Student: 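One structure coming up, written as structure tokens, with questions to follow.
Computed from a predicted structure; not experimentally measured. Proteins come first, then strands; the chains are lettered A, B, ... in the order of their sequence lines, and each starts at number 1.
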Number of protein chains: 2
Amino acid sequence: MTITQLSYVLAVAENQNFTKAAEKCFVTQPTLSMQIQKLEDQLDIKIFDRSKKPIELTEIGSKIVTQAKNIVNESNRIQDIVDQQKGYIGGEFRLGIIPTVMPTLLPMFLKNFTNKYPKVKLKIEELTTEEIITRINDGHLDAAIAATPLENEMIKEQVLYYEPFVAYIPKDHRLSKHEKLNIEDLDIDDMLLLEDGHCFRDGVINLCKTLKSQSDEKFQLESGSIETLLKLSNEGLGMTLLPYLHTLDVNDNDKSNLHQFNDPSPAREVSLIFHKSGLKMQIIEALKQTISDIVRGSIVFHNVEIISPLSK
Amino acid sequence: MTITQLSYVLAVAENQNFTKAAEKCFVTQPTLSMQIQKLEDQLDIKIFDRSKKPIELTEIGSKIVTQAKNIVNESNRIQDIVDQQKGYIGGEFRLGIIPTVMPTLLPMFLKNFTNKYPKVKLKIEELTTEEIITRINDGHLDAAIAATPLENEMIKEQVLYYEPFVAYIPKDHRLSKHEKLNIEDLDIDDMLLLEDGHCFRDGVINLCKTLKSQSDEKFQLESGSIETLLKLSNEGLGMTLLPYLHTLDVNDNDKSNLHQFNDPSPAREVSLIFHKSGLKMQIIEALKQTISDIVRGSIVFHNVEIISPLSK
DNA sequence: GAAAACTATCAATTATATTTATTGTTTAGT
DNA sequence: ACTAAACAATAAATATAATTGATAGTTTTC
């Protein structure tokens, strides 16, 4: 049994197709067929059920895949350990970002970062918080940017910044005459809300997605659809809350509809999160520095009331 | 990087010697030298400091060894997973046993077990509870027999039997005229105690090794030295407590010094323990059955008061 | 029912691991 | 200080194993 064989198995399991898997592994298809057969012979079991189309894992096969993921991930970490020791900042780095952070933060730091650390090959994916947690734990992501705290004991958090929420209130709304708002002014029933489950803490007001669906909302918003959110709001479907950085992109006509909160303003905590095993810390540290430096110039520091993304 | 290379590294790290390590791996010494060099070249670091005699790990080397142990252990588990799926009962099985259980329990079940499951290669080691916990967690042991509960969340316990303690009281002792004892009769200061930290639960009386050393005892007993314990007791150094199975080996002269406890008798819980990951469960189950069957005939069931090995 | 999509198989090739023999060091003993 | 022993590195030869290109044999799709 070799690590190579195991990674071939993983590739086939992921792609459900020997030919595609072979491409991903940069070898020919017979290589995969033969190596996987060899492994199956040695273990005297079938990992894949080739009678099904597309190919499926057998019962024992899926157990082996789980274990193989472990092994392959742990092997990859050896290079990380070496890099860390050397203080080398480079290699592939997979970063997840939640949709409501992606469009505002990414353009701000990406160029800066890639210039400063040209050897790091950043692979950025837009993912929901839930997906991010899964993928950090299974090793598919090296780190992510998400709203915190998550209270997940496998994951460490380093706060990047606190981002106040700003209310967007169309002209005909009952609150449109208030210059500044208080949290108490909000009414869950006339508000359009973001995906990604940002919940007010302490149960004062609960803005969770889950609670939304309970109180029969008529629609849900897809990822990165803050623009849509604004349009719907303008259509009279209610007010909404925008993370501060998004307000910078609001067009001039609508800017007058923005209403800040009186201190303490509700805010979300945005953090760089990563697995507690602490690998690739040099890159994580570099990212944190770069982002902190950039954001420091953009976010006006308010007296904020932090909002947790937790559902409970 | 291959699993083979990693296991070569582990062998050299353990033996601090290429030649011996090569023997353990069933290859020649140049094979190790070359494969390890190759790995070092690929990672562009030195794992071993060959200037030191015997050979030492470098700083980065020991990090790599830690990770390599992970990987090699996890790889070995693939065969275990397959065996489990097949219901195959065989292969190497490393069982740890604490000293005070070893001499009484092992002869009772060993022949029986090896007859019933000839394909299992049992490797039995006498170890302290502490060593057992370490080695179950790092994968050096597949299971162990120890006094429980351990309250270690990584380790599962399956109770094998409850073994009452029997007091051994030499003729000149203040308690020697009592036919049967109560726990309250015991006085920590005139008692000789076992290693392995068997503590009375609930803090009624605490017989822990740790507390012993605090209350300036004059000596400590080594593993498996129940015979010595008896001799010391006969020398007038105090009474002692024997696990029930040990009383079967007390010679006829001394048998009259044995005093049982009134119900509920203090007792220890002896369990088969293993890592929560639940590998080699077929063998563990087979062991449990065999031992339970044997012990059922030997231990008279009392109304017992369980004594925990925990220090707190 | 023909084409397309896939996997298995074969023989040839390439790459890799391992071995035997040997050299070069260092250590231990006298 | 010298010799023998212990040990790791190296070199060249051999054995083993992985990979490939070509192709055959399936099954699926339209």
Student: Between P on dT27(C) and CD1 on I55(B), what's the gap in Å once rounded to a whole number?
Tutor: 11 Å
Student: Do NZ/NE/NH1/NH2 and the carboxylate oxygens of E92(A) and R94(A) come within less than 4.0 Å?
Tutor: yes
Student: Which residues pass the side chain to side chain donor-acceptor pair (under 3.5 Å) test with Q35(A), not counting sequence neighbours?
Tutor: none
Student: Taking atom P of dA8(D) as reference, at what distance in whole Å does atom OH of Y8(B) sit?
Tutor: 16 Å
Student: Can you list every ring-ring contact (aromatic ring centres under 6.0 Å, His included) pair that touches residues 109-134 of chain A, not counting sequence neighbours?
Tutor: F113(A)-Y117(A)
Student: Are side-chain heavy atoms of M281(A) and F274(A) found at a separation under 4.5 Å?
Tutor: yes
Student: Take atom CG of D49(B) and atom P of dA8(D), then tell me their distance rounded to the nearest Å.
Tutor: 13 Å
Student: For the atom pair NE2 (H275(B)) and CD1 (I284(B)), what is the distance rounded to the nearest 0.5 Å?
Tutor: 11.0 Å
Student: Taking the side chain of T19(A) as its heavy atoms from C-beta onward, which of dA8(D), dC6(C), dA8(C) lies nearest to it?
Tutor: dC6(C)
Student: For N112(B), what residues pass the side-chain contact (heavy atoms from CB on, under 4.5 Å) criterion, not counting sequence neighbours?
Tutor: T290(B), I294(B)
Student: Can you tell me how far P of dT16(C) sits from CG of L39(B), to the nearest Å?
Tutor: 14 Å
Student: Would a distance-only check, ignoring hydrogens and angles, find a side-chain to backbone donor-acceptor pair under 3.5 Å from T31(B) to V27(B)?
Tutor: no
Student: Starting from P on dC7(D), measure out to CD on Q16(B) and report it in whole angstrom.
Tutor: 12 Å
Student: In whole angstroms, how far is the C1' atom of dT7(C) from the CD atom of E40(A)?
Tutor: 12 Å
Student: Give every residue pair that meets the side chain to side chain donor-acceptor pair (under 3.5 Å) criterion with at least one member in residues 11-27 of chain A, sequence neighbours excluded.
Tutor: N15(A)-K24(A)
Student: Looking at N17(B), does any N or O in its side chain come under 4.0 Å of the phosphate oxygens OP1/OP2 on dC7(D)?
Tutor: yes
Student: Should the pair D83(A)-K86(A) be classified as a salt bridge under the 4.0 Å nitrogen-to-oxygen rule?
Tutor: no
Student: Taking DNA chain D as the partner, which of residues 20-37 of chain A come within under 4.0 angstrom of it by heavy atom?
Tutor: V27(A), T28(A), P30(A), T31(A), M34(A), Q35(A)
Student: Sugar-phosphate atoms are those with a prime plus P, OP1 and OP2; base atoms are the rest. Using that split, label each nucleotide of nucleotides 25-30 of chain D B, S or - for protein heavy atoms under 4.0 Å, 5' to 3'.
Tutor: --SS--
Student: Would you kindly give the CZ-to-C1' distance between F18(B) and dT25(C), to the nearest whole Å?
Tutor: 14 Å
